[in-house]
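Taking it in order: structure first as structure tokens, then the write-up.
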Amino acid sequence: MTRNIVGEHREVGDENRYTTLNLGPTHPATHGIFQNVLTMDGEVIVRSEPTIGYIHRAFEKLAERRPYAQITPITDRLNYCSAPINNMGWHMTVEKLIGVEVPKRVDYLRVIIMELARISDHLICNSVLGVDTGALTGFVYLFQFRELIYEIYEEICGARLTTNIGRIGGFERDFSPTAWAKLDRFMKEYPEALKEFEKLLKRNRIFMERTTGVGAITAERALSYSFSGPNLRATGIDYDVRVMEPYSSYDDFEFDVPVGKNGDTYDRFLVRQEEMWQSLSIIRQAIEKLPEGPYHAEVPEFYLPPKEEVYNNMEALIYHFKIVMGETDIPKGEVYHCVEGGNGELGFYLISDGGRTPFRLHFRRPCFIYYQAYPEMIQGSNISDAILTMSSLNVIAGELDA
Amino acid sequence: MEPAQHPTLTLLTERFGDNILSADIRYGILTISVTQPAIVDILRFLFDHAQLQYRYLTTLCGIHHPEVNQIAVVYQLHSLENNSRVRLKVWLPEDKPETPTVTDLFAGANWMERETYDFFGVTFTGHPDLRRILNVEDMTIFPLRKEYPLEDQTREDKRDEMFGRGMVGSGQ
Amino acid sequence: MSEMDVKVGLAEKPPGVEGAGFFATSLEKVVGLARKNSIWPLPFATSCCGIEFMATMGAHYDLARFGSERLSFSPRQADLLMVMGTIAKKMGPILRQVYEQMAEPRWVMSVGACACSGGIFDTYSVLQGIDRIIPVDVYVPGCPPRPEQILDGIMKIQHLVETESLRRRDSPEYKALLNKYGIE
């Protein structure tokens with residue numbers, strides 16, 4: 001059986017010429033655990049064979065066992081660098097299934113949270129790309145701002161990383177004044193740090209020489225591999241789910257979708273950098289234009305009642321129990337909803353048969369889909385270029401394996 | 001809109017009328033069940049058609065329906081030019097689910113089909129490298145089928161009664 | 001001068017005999033003190049807990065002030081194996097191999113609910129706790145644990161390192177522990 005390993009077919013006699021290098025699951029430069037067995041001709045990669053599944057946690061099977069309100073913590077752990085986007089995507093999927101429209105204020109608050117998550121995801125990717133080229137300073141400067149974002153999440157939902165933020169129908173509580181103060185502080189301090197980071201790397205000769213022309217992929221191949229997100233936009237295709245199928249009132253905001261030219265590592269870096277600036281602009285617009293109103297929709301069958309009532313009121317206690325244990329009536333249906341995650345089109349394909357847990361829940365995970373192209377992208381390059389390509393693709397192991 | 005007015009469905013019915021088992025619009029996406037032998041031709045038709053241009057494979061997954069002893073394979077396509085999506089479903093018998101591969105049409109289908117094989121046991125004939133991708137290589141069962149339990153049955157530190165599960169397979 | 005004494009804390013002096021220009025104490029205590037302040041961790045980060053570890057390494061929570069400035073990704077040069085994140089059954093043999101490649105004395109810290117007991121993933125593909133395959137010294141629960149919790153775990157490891165007898169690794173009890181896991 002021939003294996004689909006991109007590269008030259010090994011002839012007998014080449015055994016002495018080629019070396020096999022295992023870029024194993026535990027490696028400081030692979031951000032996450034996946035393995036690549038490289039066949040190398042000196043420094044040049046001739047063939048590579050990826051193996052994934054080292055953190056397969058069976059999310060899709062787990063989701064068939066859990067009621068709808070209990071699936072949100074699982075979605076957290078998909079792309080854990082931007083967990084709120086996954087949570088919001090799941091809540092919107094369920095809202096689509098049950099046919100609920102959330103108030104405008106909820107939409108705007110969701111946009112603020114999702115753009116903050118997008119900034120934190122791109123922040124990690126770009127600063128770690130700098131670390132892989134040897135520039136540790138950018139990472140240390142920017143990571144401090146991730147702490148600010150964590151503080152904002154903590155103020156809103158109580159958790160730093162795996163947020164489980166929001167509810168089906170809205171938010172558990174309105175943003176407190178402390179949250180707004182922390183958000184203002186972030187919006188004031190972060191742009192300066194981001195400008196500093198850009199000055200360090202964007203026109204840095206060493207960084208540019210290491211990243212231009214490295215790991216390039218053409219737009220046609222990228223579309224054939226079903227790329228999405230910044231990796232696709234770096235090749236020149238401006239497919240952004242927020243623009244094509246606006247959800248959560250994204251069409252009320254004005255923002256640009258940055259697009260690259262060559263699809264190489266430098267373009268991916270620039271696209272993510274520019275997207276962070278656009279996210280900051282969206283958050284600013286959302287804060288300015290935030291409408292008044294309720295912070296959740298009226299869906300008592302799905303929206304957990306406030307804790308004061310749960311502790312004092314028998315009816316609220318019963319509703320709370322029913323919602324968490326999934327004893328509410330769920331309509332039958334087959335729905336697909338996608339959001340623009342940090343890495344691309346994150347889709348939730350949900351089939352409900354009226355039971356308390358989904359009949360089938362399939363996550364359309366962008367990392368899993370575009371990592372297939374990795375052997376093609378590094379073929380013929382040096383190993384140091386392969387490391388940078390992997391870094392710039394922003395492969396998150398949780399989303400890769402689910 | 002009514003399914004019959006959807007341009008994709010009208011064009012498909014003209015060409016592949018007898019291969020279409022059912023069609024309706026579910027939450028905005030046209031969902032068509034087709035017969036298994038025609039699936040690759042239908043996908044190629046949708047790909048090559050000058051107006052429809054369904055050239056982006058959003059996702060490919062399997063669904064196990066034990067009540068009818070069938071495994072459905074779902075292909076969800078997206079036309080970036082027209083901004084429209086379509087979902088095609090193929091129904092395969094549970095004991096021998098086989099269907100041709102679409103990797104020559106969409107390079108991204110490679111790992112998606114491997115995942116469907118890993119979880120449901122669907123064999124994609126013509127696939128360059130059909131082996132398990134997420135689970136351990138020597139696993140003998142196809143875990144996402146409904147008859148297999150979620151938990152590892154050999155663990156002894158968690159008692160099922162404490163989790164509301166009396167015995168294996170009692171589920172909810 | 002007196003203000004400085006108030007703000008700066010000094011390490012505890014071990015009990016011993018002091019004189020002009022010399023300080024005599026038992027070797028164990030000196031070695032323990034030296035070891036505990038220069039632990040080289042191996043961050044075996046698999047998932048979400050790895051990101052909290054990155055935050056612990058960052059400037060805000062700063063693991064480096066505990067002496068762990070230099071992370072070692074090679075098990076041959078590491079003292080502490082920090083397993084952070086879910087270990088799937090596919091990853092188990094690799095974790096075991098990394099543990100076996102470490103030289104004595106070595107400690108293992110299991111960070112996060114998934115590494116301690118499988119966490120929320122009670123599924124067929126997840127190892128229900130790394131103590132199925134390797135001996136663990138300190139468990140840090142949490143999903144993910146806050147950086148303060150991880151630092152608390154490090155401090156507990158430091159206590160274990162400081163108070164360990166120099167002969168522990170050759171003792172029959174330790175060998176019996178390793179035999180239980182099938183490690184030579």
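Lettering follows sequence order; numbering is per chain, from 1. Values in this document were obtained by computation on a predicted structure and should not be read as measured data.
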Heavy-atom contact with chain A under 4.5 Å, split by part of I29(B) = side chain
task = With a 4.5 Å cut-off on heavy-atom pairs, point out which of I351(A), I369(A), L97(A), L223(A) contacts chain B the most.
result = L97(A)
Evaluation steps, side chain to side chain donor-acceptor pair (under 3.5 Å), between N343(A) and E399(A) = CA-CA 10 Å; N343(A) 288 331; E399(A) 205 177 48; 3.2 Å; yes
ask   = Should E334(A) and K89(B) count as an ion pair when the cut-off is N to O under 4.0 Å?
value = yes
task = Output the option from I237(A), T51(A), I55(A), V335(A) having the highest count of non-hydrogen pairs under 4.5 Å with chain B.
result = V335(A)
inquiry  = Under 4.0 Å between a side-chain nitrogen and a carboxylate oxygen: does that hold for R57(A) and D401(A)?
reply    = no
query = Within 45° of the ring axis of Y247(A) and under 6.0 Å from its six-membered ring centre, is that where the NZ or CZ of K96(A) lies?
reply = no
Heavy-atom proximity to chain A below 4.5 Å, by part of H78(B) = side chain
ask   = Which answer fits V74(B), side chain, backbone, both or neither, if we ask what part of it has an atom under 4.5 Å from a heavy atom of chain A?
value = side chain
message = Regarding R131(B) and E113(B), does a basic nitrogen lie under 4.0 Å from an acidic carboxylate oxygen?
response = no
request  = Please determine if R365(A) forms a cation-pi arrangement with F368(A), meaning its NZ or CZ atom is less than 6.0 Å from the six-membered ring centre and no more than 45° off the ring axis.
outcome  = yes
inquiry  = For R132(B), which atoms come within 4.5 Å of any heavy atom of chain A: side chain, backbone, both, or neither?
reply    = neither
key: Selection from Q76(B), M112(B), R55(B) maximising heavy-atom pairs under 4.5 Å formed with chain A   = Q76(B)
R87(B) and its side-chain hydrogen bond (donor to acceptor under 3.5 Å, both in side chains) partner, picked from T31(B), T58(B), T59(B) = T31(B)
ask   = Which answer fits T103(B), side chain, backbone, both or neither, if we ask what part of it has an atom under 4.5 Å from a heavy atom of chain A?
value = neither
key: Engaged part of R145(B) at the chain A interface, taking heavy atoms whose separation is under 4.5 Å   = backbone
request  = Considering only NZ, NE, NH1 and NH2 on the basic side and carboxylate oxygens on the acidic side, decide whether E49(A) and R47(A) come within less than 4.0 Å.
outcome  = no
Closest-packed option against chain A by number of heavy-atom pairs under 4.5 Å, given F119(B), Y148(B), Y56(B) = Y56(B)
request  = Go through the atoms of E345(A) and report whether side chain, backbone, both or neither lie under 4.5 Å from a heavy atom of chain B.
outcome  = side chain
message = Counting heavy-atom pairs under 4.5 Å with chain A, which one of H65(B), H127(B), R85(B) comes out on top?
response = R85(B)
ask   = Under a 4.5 Å heavy-atom cutoff, which of G326(A), S226(A), C338(A), A373(A) has the most pairs with chain B?
value = S226(A)
ask   = Looking at F359(A), Y370(A), Y239(A), which makes the most heavy-atom pairs under 4.5 Å with chain B?
value = F359(A)
ask   = What closest approach, in Å, do L134(B) and D118(B) show between heavy atoms, and which atom pair accounts for it?
value = N-OD2, 2.9 Å
